Protein chains: 2
Amino acid sequence: MKLSNGVEWALHCCVSLTQSQAPVPAGRIAKLHGIPSAYLAKHLQSLSQAGILRSTPGPAGGYVLTRAPAQITVLDVVLAIDGPEPAFRCTEIRRKGPLGLGPEKCRTPCAVSRAMAVADSAWRAALKGITIADLARDIEADSSGSAMGPVRQWLAATG
Amino acid sequence: MKLSNGVEWALHCCVSLTQSQAPVPAGRIAKLHGIPSAYLAKHLQSLSQAGILRSTPGPAGGYVLTRAPAQITVLDVVLAIDGPEPAFRCTEIRRKGPLGLGPEKCRTPCAVSRAMAVADSAWRAALKGITIADLARDIEADSSGSAMGPVRQWLAATG
DNA sequence: GGAACAATACTCGGATAGGCCATGTCCGAGTTTACCCGG
DNA sequence: CCGGGTAAACTCGGACATGGCCTATCCGAGTATTGTTCC
């Protein structure tokens with residue numbers, strides 16, 4: 001199991017976008033993070049489709065957060081990039097083989113599937129309990145309050 | 001993010017192996033579950049390397065659980081098949097770009113990495129709280145106590 | 001009859017191809033801006 | 001000087017190659033069995 005690389009990028013981008021009220025182009029935010037701009041655009045597109053970002057075309061266009069950082073959970077971002085499907089998908093092994101159960105016995109998910117679903121729920125609950133605002137605050141605290149300011153200035157600077 | 005298909009197979013195989021004290025060949029347990037035998041062998045090999053199963057070569061050989069089902073957690077099986085690495089791997093984005101932090105500022109994991117680690121821990125804790133014995137008991141309960149018996153007989157039957 | 005030996009059959013184990021999804025990239029559609037021209 | 005029109009530049013959006021990992025498979029190394037042969 002490996003999580004898409006774009007998840008990390010998307011989270012950092014959302015944190016950085018909290019520092020700009022004006023739209024930020026994909027190329028600019030990509031350069032800020034030192035990541036390939038064309039590929040990041042693809043992920044920002046996913047965030048836009050998920051309703052996390054709002055895109056404005058044309059000059060002075062770019063991406064903006066659609067709502068307050070405290071209203072965007074990490075889970076929202078992860079699901080937007082990685083897809084809403086759970087990591088584990090039951091292939092109904094119990095119905096196969098010489099001792100396969102009939103469909104009437106398979107109304108409820110099997111025990112294995114339920115166990116994985118419980119773990120998946122715990123994972124999502126943990127991600128849902130953290131917001132972009134929390135991340136921004138933690139990053140600010142890690143740098144003793146000298147991280148977000150330069151980002152805000154860099155995004156506001158023209159060029 | 002997609003979990004390897006072999007995880008489901010491995011869990012079902014471990015549950016079935018609780019019903020046999022004698023070694024069960026890979027081909028036989030594969031036929032029981034209606035899955036490709038050659039590919040399952042690869043996963044059983046992983047379980048063997050992880051110390052969950054013990055393999056015995058030669059005629060009347062096969063795989064046996066190394067310890068009591070209550071001592072084998074679902075997490076053990078998942079890690080054996082899927083690998084011990086967490087799903088999220090931090091690429092240290094904060095060190096890149098024009099505002100990249102110096103190495104002296106990156107002694108501790110970044111906030112994004114920590115958030116994902118917390119979720120990963122929750123996921124693993126949930127999986128660690130369920131054992132193969134629990135799964136076997138639940139499957140038995142789902143079928144009103146008529147699932148494990150036939151499996152035991154089918155595995156014991158020759159041919 | 002018993003024991004040692006050799007051949008056999010069956011098992012696991014690692015090395016080997018193929019398919020699908022994530023990665024990485026590109027160019028076209030749409031929109032705002034700025035400039036230019038006419039009144 | 002002001003307003004309208006046009007051209008341009010910049011943006012996003014989706015369509016297009018590429019690589020790596022999961023899937024799937026095979027054959028060789030090793031071992032317990034079994035049959036045979038000799039004492």
Side-chain angles (χ1 to χ4, degrees), chain A residues 1-10 13 17 20 22-31 33-64 66 78 80-83 85 87-89 91 93 155 158-159, chain B residues 1-10 13 17 20 22-31 33-64 66 78 80-83 85 87-89 91 93 155 158-159:
Chain A
M1 183 176 57
K2 190 168 65 71
L3 203 53
S4 169
N5 201 356
V7 170
E8 181 183 12
W9 298 353
C13 288
L17 283 176
S20 173
V24 181
R28 186 158 188 77
I29 196 169
K31 182 166 291 187
H33 294 324
I35 55 186
S37 130
Y39 188 27
L40 177 65
K42 192 177 183 64
H43 291 307
L44 294 180
Q45 190 174 335
S46 298
L47 292 177
S48 179
Q49 291 177 354
I52 297 173
L53 301 183
R54 179 157 195 87
S55 66
T56 56
Y63 291 97
V64 201
T66 57
V78 171
I81 300 296
D82 200 60
E85 305 84 18
F88 181 87
R89 194 181 89 75
T91 61
I93 283 183
L155 288 177
T158 62
Chain B
M1 183 177 56
K2 192 168 66 71
L3 202 52
S4 169
N5 200 357
V7 170
E8 181 183 10
W9 298 355
C13 287
L17 282 176
S20 173
V24 180
R28 185 157 189 78
I29 197 170
K31 182 167 289 187
H33 294 325
I35 55 185
S37 131
Y39 187 27
L40 177 64
K42 191 174 184 63
H43 291 307
L44 294 180
Q45 190 175 337
S46 298
L47 292 177
S48 179
Q49 290 178 354
I52 297 173
L53 301 184
R54 179 158 196 85
S55 65
T56 55
Y63 290 98
V64 201
T66 57
V78 171
I81 299 296
D82 200 60
E85 304 85 19
F88 180 88
R89 194 181 89 77
T91 61
I93 284 183
L155 288 178
T158 62

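Remember, it's a predicted structure, so these values are computed and weren't measured experimentally. Below, chains carry the letters A, B, ... as their sequence lines are ordered, and counting in each starts from 1. Computed over heavy atoms, backbone and side chain alike; hydrogens, waters and symmetry mates excluded.
Per the geometry, CZ belonging to A/Arg54 stands 13 Å off P belonging to C/dT31, to the nearest Å. Taking atom CD on A/Gln49 and atom C1' on D/dG13, their separation rounds to 9 Å, with Å as the unit. Atoms CD1 (A/Ile35) and C1' (C/dT23) sit 13 Å apart, rounded to a whole Å. Separating the CG atom of A/Leu47 from the P atom of D/dG13 is a distance of 11 Å, rounded to the nearest angstrom.
Using a 4.0 Å heavy-atom distance criterion, B/Gly62 is classed as a sugar-phosphate-only contact.
A distance of 11.0 Å separates NE2 in B/His33 from OG1 in A/Thr91, rounded to the nearest 0.5 Å. The CG atom of A/Leu47 lies 8.0 Å from the SG atom of A/Cys13; values are rounded to the nearest 0.5 Å. With rounding to the nearest 0.5 angstrom, the CG atom of B/Leu17 is 7.5 Å from the CG atom of B/Leu44. Here the NZ atom belonging to B/Lys2 is positioned 11.0 Å from the CD atom belonging to A/Glu85, to the nearest 0.5 angstrom.
At distances below 3.5 Å, not a single donor-acceptor pair connects side-chain atoms of A/Ser48 with backbone N or O atoms of A/Arg54. Counting only distance, with no hydrogens or angles, the side chain of A/Ser20 and the backbone of A/Leu155 share no donor-acceptor pair below 3.5 Å. For the pair B/Ser55 (side chain) and B/Tyr63 (backbone), a donor-acceptor distance under 3.5 Å is absent.
Looking at every heavy atom in both residues, B/Ile81 comes nearest to B/Gly6 through CG2-C, 4.0 Å.
Sorted by first and then second residue, the ring-ring contact (aromatic ring centres under 6.0 Å, His included) pairs with a member in residues 34-59 of chain B read B/Trp9-B/Tyr39, B/Tyr39-B/His43; sequence neighbours excluded.
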Every protein N/O within reach of nucleotides 4-8 of chain C N/O, cut-off under 3.5 Å:
none

Do any N or O atoms of the protein come closer than 3.5 Å to N or O atoms of nucleotides 26-36 of chain D, and which pairs are they?
none

Which atom pairs link the protein and nucleotides 19-23 of chain D when you take only N or O atoms and keep those under 3.5 Å?
| unit_1 | atom_1 | unit_2 | atom_2 | d |
| --- | --- | --- | --- | --- |
| D/dT23 | OP1 | B/Asn5 | N | 2.9 |
| D/dT23 | OP2 | B/Ser4 | OG | 2.9 |
| D/dT23 | OP2 | B/Tyr39 | OH | 2.7 |
| D/dT23 | O5' | B/Tyr39 | OH | 3.1 |

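Nearest to the side chain of A/Pro25, among D/dC12, C/dG13, C/dT25, sits D/dC12.
Scored by the side chain to side chain contact (heavy atoms under 4.5 Å, CB included) test, A/Pro25 finds A/Arg28 as partners (sequence neighbours excluded). Every residue meeting the side chain to side chain contact (heavy atoms under 4.5 Å, CB included) condition with A/Ala30, not counting sequence neighbours, appears here in chain and number order: A/Ile35, A/Ser37, A/Leu40.
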